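Note that the coordinates shown come from a computational prediction; the quantities given were computed from them, not determined experimentally. All residue numbers in this chain count up from 1 along the given sequence.
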Amino acid sequence: MRRTRVAAAAAVTVSLLTAVTACGGGSSTSGGSDDSPKTLTYWASNQGASIQVDKKVLQPELDKFEKQTGIKVKLEVVPWSDLLNRILTAATSGQGPDVLNIGNTWSASLQATGALLPWDAKNLAKIGGKDRFVDSALGSTGAEGKDPAAVPLYSMSYALYYNKQIFADAGISQPPATWEELVADGKKIKAKGKNPLGAEGANLSENIHHVFVFAKQHGADFFTADGKPDFTNDKAVAAVKQYVDLMAKDKAIPAGNAEYAQNQSVSDFAKGKTAMLLWQSAAANLKSQGMAEDAYGVAPVPVQSGTPGTGTQVNSMVAGINMAVFKNTHNLDGATSFVKFMTSDAEQKVLNKAYSSIPPVKAAQSDPAFNSGATAVLKQTLATSAAALPQVADESQFETTVGTAVKELFADAAGGRSVPTASVKAKLDKAQQQMPKK
C-alpha cells in the first residue's frame with residue numbers, strides 16, 4: 001500500500017510540475033492583494049516527531065503574532081509526503097495559502113512555477129535586508145542570478161547519531177569516521193543482536209539527500225554544468241550503489257527499512273533498536289520520544305577517507321526549510337509581516353531551539369545555545385563540509401525520479417535480489433528518461 005501511494009505521488013509530482021512550468025504558473029501571475037488584512041493561512045512543514053508536536057511549538061508563536069498585529073493565522077501542518085504535491089496543486093490552480101514552508105531543495109523548482117512572491121531588494125528590505133541571513137542558507141533560495149523565491153527559516157545538516165550503550169556493548173570506543181569503519185562496526189553490532197544503521201528507504205527526499213552526498217564523495221554530480229540531467233555517469237552510479245549496498249551487501253541497514261518513509265528509523269533509534277542514525281537535527285525529535293540526551297553521541301557523517309571538508313570530503317547537503325509567500329495572497333502586507341516576525345532574531349532563537357536546528361539569521365545563530373553539543377556538530381558541518389543540492393528548475397523531478405529509483409533498489413535488496421552495477425545504471429537511466437525534455 002505504501003509503495004503504491006508513493007509511486008502515485010511521484011507521478012503526480014512530475015505531471016503537475018511539468019504542467020505548471022509550461023503554463024507559467026497558471027493564474028498565479030496576477031499578484032497579491034490586501035483584501036483580507038486580518039487573516040492569514042500558513043502551511044507549515046512537519047518538523048517535529050508528529051503534527052501535534054509542531055502545533056504545540058508553533059501555536060504559541062502564532063498567538064504572539066496575533067497579539068502584536070491583530071492578524072489571526074490559520075495553521076495547517078502538512079506531512080512531508082503530501083507537501084510538494086499540495087504546493088504544486090496550489091500553484092496550478094492559483095489557490096494556495098498566504099505563507100508556506102518549503103524544503104530548501106525545492107526553491108528553484110517552485111520558483112519556476114511563478115507561484116511564489118520574489119524576494120527582491122524591496123521585499124527583503126521589509127524584513128531587515130539580505131545581510132541578516134547566513135550566505136550558505138541564502139544559497140538554497142532559488143536559481144542563481146534570480147531574486148530568491150523564499151527566505152531561510154531553519155538551517156540543518158546531517159550528522160551521525162550513535163547509541164553509546166550499544167557501542168560500548170559491542171566494544172566500539174568511538175564513532176566511525178569512514179564508511180569502511182561504519183561497515184566494520186556494523187558487523188560487531190549485529191553480533192550483539194542489534195541493527196547497525198537506520199534508513200528511510202521509501203522516502204524519496206531522504207534517498208536523494210544521501211546519494212547526493214555519496215556522489216560528491218565520488219567526485220560526481222547528477223547534473224552537468226549547464227543544468228542537464230547526468231544520472232548515469234560512472235561515478236554517480238557507483239555512489240548510488242555504495243549507499244544501497246549498505247543494505248544489499250554490507251547488511252548494515254535492516255531489510256525492513258526499505259519500507260520506511262515516515263521517520264520510523266528515528267523511532268527505532270530512540271527505542272534502542274538501532275545503533276546509528278543519519279539524520280538532520282534529530283535532538284528534539286529524540287527527546288520527544290523519550291531518549292535522554294546523554295544516551296547518544298553525535299559525530300560528523302562519515303567520508304570515504306580523511307576528514308570532512310569541501311569537494312570529495314563533503315558529508316552533508318545544505319539542509320533547511322525556507323519560508324515563502326504565495327503570490328496570490330489576499331493579505332500581502334500581513335504575509336510579509338509574518339515572515340518578518342518568524343525570521344526576527346527573537347523568534348529564530350525560539351523556533352530553532354525547539355527544533356534543534358540552526359538559525360539562518362546571523363544574530364540568532366551567534367547565541368551560545370547553538371554552540372554546544374549536537375548543535376555544534378551541525379553548525380560546523382554547515383560551515384565547512386556541506387554542499388547545496390543543484391538549484392535548477394528540474395530539482396524536484398530529480399528528487400522524485402532518482403529518489404524512486406533508489407527506493408526500488410532498496411526494495412530489491414530487501415527482497416533478497418542482488419543490486420549489481422548494471423541494475424543500478426538501468427534504474428538511473430529510467431529515471432533520467434522520465435525527466436522533462438528540453
Side-chain angles (χ1 to χ4, degrees), residues 1-18 84 105 109 179 183 197 199-261 278 304 312 317 389-390 392-438:
M1 290 291 290
R2 179 182 299 145
R3 188 172 298 150
T4 302
R5 288 198 299 271
V6 172
V12 171
T13 299
V14 173
S15 62
L16 276 172
L17 189 51
T18 302
L84 182 57
T105 64
S109 295
W179 295 110
V183 170
L197 177 66
E200 300 281 316
N203 184 311
L204 307 190
S205 293
E206 279 291 303
N207 288 343
I208 285 298
H209 297 168
H210 293 302
V211 298
F212 169 77
V213 170
F214 274 99
K216 285 294 184 184
Q217 293 184 5
H218 281 262
D221 284 301
F222 285 100
F223 290 87
T224 61
D226 58 355
K228 294 179 181 177
D230 185 24
F231 302 165
T232 59
N233 68 79
D234 289 346
K235 291 180 179 179
V237 172
V240 172
K241 180 170 169 55
Q242 185 180 7
Y243 181 50
V244 175
D245 271 348
L246 288 172
M247 177 187 292
K249 185 182 75 173
D250 305 320
K251 310 301 180 185
I253 299 174
N257 287 29
E259 290 290 331
Y260 282 8
L278 297 169
Q304 304 296 333
T312 56
M317 44 85 73
L389 265 79
V392 296
D394 294 339
E395 198 284 332
S396 64
Q397 295 103 309
F398 161 60
E399 289 198 23
T400 299
T401 59
V402 175
T404 298
V406 176
K407 170 181 171 287
E408 292 172 352
L409 289 165
F410 271 129
D412 288 344
R417 294 179 289 277
S418 63
V419 286
T421 299
S423 296
V424 176
K425 190 166 187 175
K427 294 285 189 185
L428 292 174
D429 182 62
K430 178 183 176 182
Q432 184 160 313
Q433 296 306 315
Q434 293 172 339
M435 294 291 287
K437 300 298 186 287
K438 300 298 184 183

Quiz item: Going from NE2 on H209 to OG1 on T105, what distance comes out if it is rounded to the nearest 0.5 angstrom?
Solution: 4.5 Å

Self-check item: Side-chain heavy-atom pair V240, L428 within 4.5 angstrom cut-off
Solution: yes

Quiz item: Shortest non-hydrogen contact from V419 to L409?
Solution: CG1-O, 3.7 Å

Self-check item: Side chain N207, main chain A202, donor-acceptor under 3.5 Å
Solution: no

Quiz item: Okay, side chain of N203, backbone of Y260: is any donor-acceptor separation there less than 3.5 Å?
Solution: no

Practice problem: Could you grab the distance from atom CZ of R417 to atom CD of E408, nearest 0.5 Å is fine? | Solution: 10.5 Å

Quiz item: How far apart are the closest heavy atoms of K241 and T421, and which atoms are they?
Solution: CD-OG1, 3.4 Å

Exercise. Report yes if some heavy atom in the side chain of N257 is under 4.5 Å from a heavy atom in the side chain of F410; otherwise report no.
Key: no

Self-check item: Backbone N/O of T224 and side chain of D230: donor-acceptor pair under 3.5 Å
Solution: no

Quiz item: Given the rule in the side-chain hydrogen bond (donor to acceptor under 3.5 Å, both in side chains) test, do Q304 and Q242 qualify, once you have shown the distances and angles that lead to the verdict?
Solution: CA-CA 11 Å; Q304 304 296 333; Q242 185 180 7; 3.0 Å; yes

Exercise. For the pair E399 and S205, evaluate side-chain hydrogen bond (donor to acceptor under 3.5 Å, both in side chains) and give the outcome as yes or no after the intermediate values.
Key: CA-CA 6 Å; E399 289 198 23; S205 293; 2.9 Å; yes

Exercise. Of all the heavy-atom pairs spanning T232 and K425, show the shortest one and how long it is.
Key: O-CE, 3.6 Å

Quiz item: Is a side-chain N or O of K249 found less than 3.5 angstrom from the main chain of L246, in a donor-acceptor match?
Solution: no

Quiz item: Which word best sums up how the rings of F231 and F398 line up, parallel for under 30°, tilted for 30 to 60°, or perpendicular for over 60°?
Solution: tilted

Quiz item: Got P390 and D221 here, is their nearest side-chain heavy-atom distance under 4.5 Å?
Solution: no

Quiz item: Within the distance-only criterion (no hydrogens, no angle test), does the side chain of E200 pair as donor or acceptor with the backbone N or O of A261 below 3.5 angstrom?
Solution: yes

Quiz item: For the residue pair M247 and A413, what are the closest heavy atoms and their distance?
Solution: SD-CB, 3.9 Å

Quiz item: Okay, side chain of S109, backbone of S396: is any donor-acceptor separation there less than 3.5 Å?
Solution: yes

Quiz item: Of T401, L389, T404, which meets side chain to side chain contact (heavy atoms under 4.5 Å, CB included) against I208?
Solution: L389

Quiz item: Counting only heavy atoms not in D429, do more than 12 sit closer than 6.0 Å to its CG atom?
Solution: yes

Quiz item: Just how far is it from atom CZ of F222 to atom CE of M435, taken to the nearest 0.5 Å?
Solution: 11.5 Å

Quiz prompt | Rounded distance [0.5 Å steps], NZ in K407 versus CD in E206 | solution = 15.0 Å

Practice problem: Determine the minimum heavy-atom distance between A220 and A236, stating which atoms define it. | Solution: CB-N, 3.6 Å

Exercise. Check whether any side-chain heavy atom of V402 sits under 4.5 Å from a side-chain heavy atom of K427, and report yes or no.
Key: no

Quiz item: Does the gap between the ring centers of Y243 and F212 come in under 6.0 Å?
Solution: no

